[in-house]
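Presented below is the structure to which this report refers.
Just so it is clear: chains get the letters A, B, ... in the order the sequence lines come, proteins before strands, and each one is counted from 1.
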Protein chains: 2
Amino acid sequence: MEQQKFHINKLRVSGLRPTKQRLAISKILFNRRETFHFTIEQLKKVIEKNSKKKISLATLYNTVHAFKKKGYLKEIPLKGNQTFFDTNTSSHHHFYDEDTLQLIDIKDENISINNLPKTPNGKKIQDIEITIKVASNYQKQKDN
Amino acid sequence: MEQQKFHINKLRVSGLRPTKQRLAISKILFNRRETFHFTIEQLKKVIEKNSKKKISLATLYNTVHAFKKKGYLKEIPLKGNQTFFDTNTSSHHHFYDEDTLQLIDIKDENISINNLPKTPNGKKIQDIEITIKVASNYQKQKDN
DNA sequence: CTTACAGTTTAGAATCATTATAAACTGAAT
DNA sequence: ATTCAGTTTATAATGATTCTAAACTGTAAG
Ligand SMILES: [Mn+2]
Ligand SMILES: [Mn+2]
Ligand SMILES: [Zn+2]
Ligand SMILES: [Zn+2]
């Protein structure tokens, strides 16, 4: 288990105790080649499949927010009842598939916005993240 | 009251009975020169100021959703606990002031996105709306 | 190896925006 | 005036998230 040590160290460095729960969640979130986009509810299901001991919902919330605070996760601004998290913490854009409710990273670094108007007086831009809703054409638009 | 007739007609044409409540809400929403961005809670407060008879919260929700369905309001995709509505129903972009929690229309028609990557297979773009978060520079970024 | 304790986990309660329910009310057609 | 579908309303229900306070545990010190 080389990964194990890696995650333990990462947690220690962050001032977070490497508990069983945090390690289990770390493995599921960060032992991946691809970006992982998820809601807490989705994460719960993955945990229930992969882990024998159950982790309480409160701990899932606690841990995900702790990871976010430490910069290991990003929260994705998306309207809807549930909040999305993203293991890709760089500033980037998304397609949002309204059929499957899945986020898809836009890897193209060349995407750009032109002719941006001046920002309101005394304000600075904090963040620009574009979410492009896509769906199968024939379907009715969601009543979101 | 020319406006009154206008709103009554608009409601009738839409297949909505022109009730006292709907007329009161119509006046507040649509007798404006500027776009109005609001949450239900904000609308409730404006109503309470301007109208002697109170309108139940359920009716506010019902009416706003009815107006949205008829195309007189747009729901703005914005993360957060409360949903925003917009009297400007055209496709357009926003600044979101994180200090005041206010939406501001971007009127510049020339804004454009360049180098958009191809959409996922079999999917069509439904909507692109950009929300640019702004805030006073000196402030800490919101823990949204 | 024990002890001690801050940090962590947990079940369950609380919160809060929104939606559902079902009874009372009302606009408007007859 | 009568009638009834459409509407309003108080209230309950829902569902995601946060809070609470008690039990537990990683680890530093002895
Ligand atoms: Mn809605
Ligand atoms: Mn959060
Ligand atoms: Zn992403
Ligand atoms: Zn607008």
(message) If I take atom CG in residue B:Leu60 and atom C1' in nucleotide D:dT8, what distance separates them, rounded to the nearest angstrom?
(response) 11 Å
(request) Could you please name the option among C:dA17, D:dT9, D:dT7 that lies closest to any side-chain atom of B:Gln82? (result) C:dA17
(request) For residues A:Ser91 and A:Glu129, determine if any side-chain heavy atom of one lies less than 4.5 Å from a side-chain heavy atom of the other. (result) yes
(message) Which nucleotide wins on minimum distance to the side chain of A:Ala58, given the candidates C:dG12, D:dT9, D:dT17?
(response) C:dG12
(request) Report, as a single string ordered 5' to 3', how protein heavy atoms within less than 4.0 Å touch nucleotides 25-30 of chain C: B base, S sugar-phosphate only, - not at all. (result) -BBS--
(message) Is there a side-chain contact between A:Phe36 and A:Leu103 in this structure, where contact means two heavy atoms from C-beta onward sitting under 4.5 Å apart?
(response) no
(request) Could you check which of D:dA16, C:dT18, C:dA17 has an atom nearest any side-chain atom of B:Ile40? (result) C:dT18
(request) Measure the distance from CG on A:Asn62 to C1' on C:dG12 and round it to the nearest whole Å. (result) 14 Å
(message) Measure CZ/B:Phe84 against P/C:dA17 and give the value in whole Å, please.
(response) 12 Å
(message) Is any side-chain heavy atom of B:Ile132 closer than 4.5 Å to one of A:Thr119?
(response) no
(message) Please tell me if A:Gln21 has a side-chain N or O lying less than 4.0 Å from either OP1 or OP2 of C:dT10.
(response) yes
(message) I'd like to know if A:Glu98 and A:Lys79 make a salt bridge, using a cut-off of under 4.0 Å between side-chain N and carboxylate O.
(response) no
(message) Is the terminal nitrogen or CZ of B:Lys123 (NZ for Lys, CZ for Arg) located under 6.0 angstrom from the six-membered ring centre of A:Phe95 and within 45° of that ring's axis?
(response) no
(message) If you compare every side-chain N and O of A:Thr59 against the phosphate oxygens of C:dT8 (OP1, OP2), does one of them come in below 4.0 Å?
(response) no
(request) May I ask you to verify if any side-chain N or O of A:His65 is less than 4.0 angstrom from the OP1 or OP2 atom of D:dT17? (result) no
(request) Begin with the C-alpha distance, continue with both residues' side-chain angles, and end with the deciding distance and a verdict on side-chain hydrogen bond (donor to acceptor under 3.5 Å, both in side chains) for B:His37 and B:Asn88. (result) CA-CA 8 Å; B:His37 299 101; B:Asn88 178 353; over 6 Å; no
(request) Measure the distance from NZ on A:Lys53 to C1' on C:dT10 and round it to the nearest whole Å. (result) 17 Å
(message) Nearest whole Å is fine: how far is C:dA17 C1' from B:Leu78 CG?
(response) 15 Å
(request) Quick one: list whatever passes salt bridge (Lys or Arg N to Asp or Glu O under 4.0 Å) with A:Lys44, sequence neighbours left out. (result) A:Glu41
(request) From the options D:dT8, C:dA17, C:dT10, select the nucleotide whose nearest atom is closest to the side chain of B:Arg22. (result) D:dT8
(message) Nearest whole Å is fine: how far is D:dT7 P from B:Leu16 CG?
(response) 6 Å
(message) If the test is side chain to side chain donor-acceptor pair (under 3.5 Å), which one of A:Lys74, A:Lys68, A:His94 qualifies with A:Asp86?
(response) A:His94
(request) Check whether any side-chain nitrogen or oxygen of B:Tyr61 sits under 4.0 Å from OP1 or OP2 of C:dT18, and answer yes or no. (result) yes
(request) Kindly say if A:Thr39 contacts the phosphate of D:dA16, meaning a side-chain N or O under 4.0 Å from OP1 or OP2. (result) no
(request) Verify the contact: side-chain N or O of B:Lys54 to OP1 or OP2 of D:dA10, cut-off strictly under 4.0 Å; return yes or no. (result) yes
(message) Measure CD1/A:Ile47 against C1'/C:dT9 and give the value in whole Å, please.
(response) 14 Å
(request) Using whole Å, report how far CG of A:Leu23 lies from P of D:dT27. (result) 10 Å
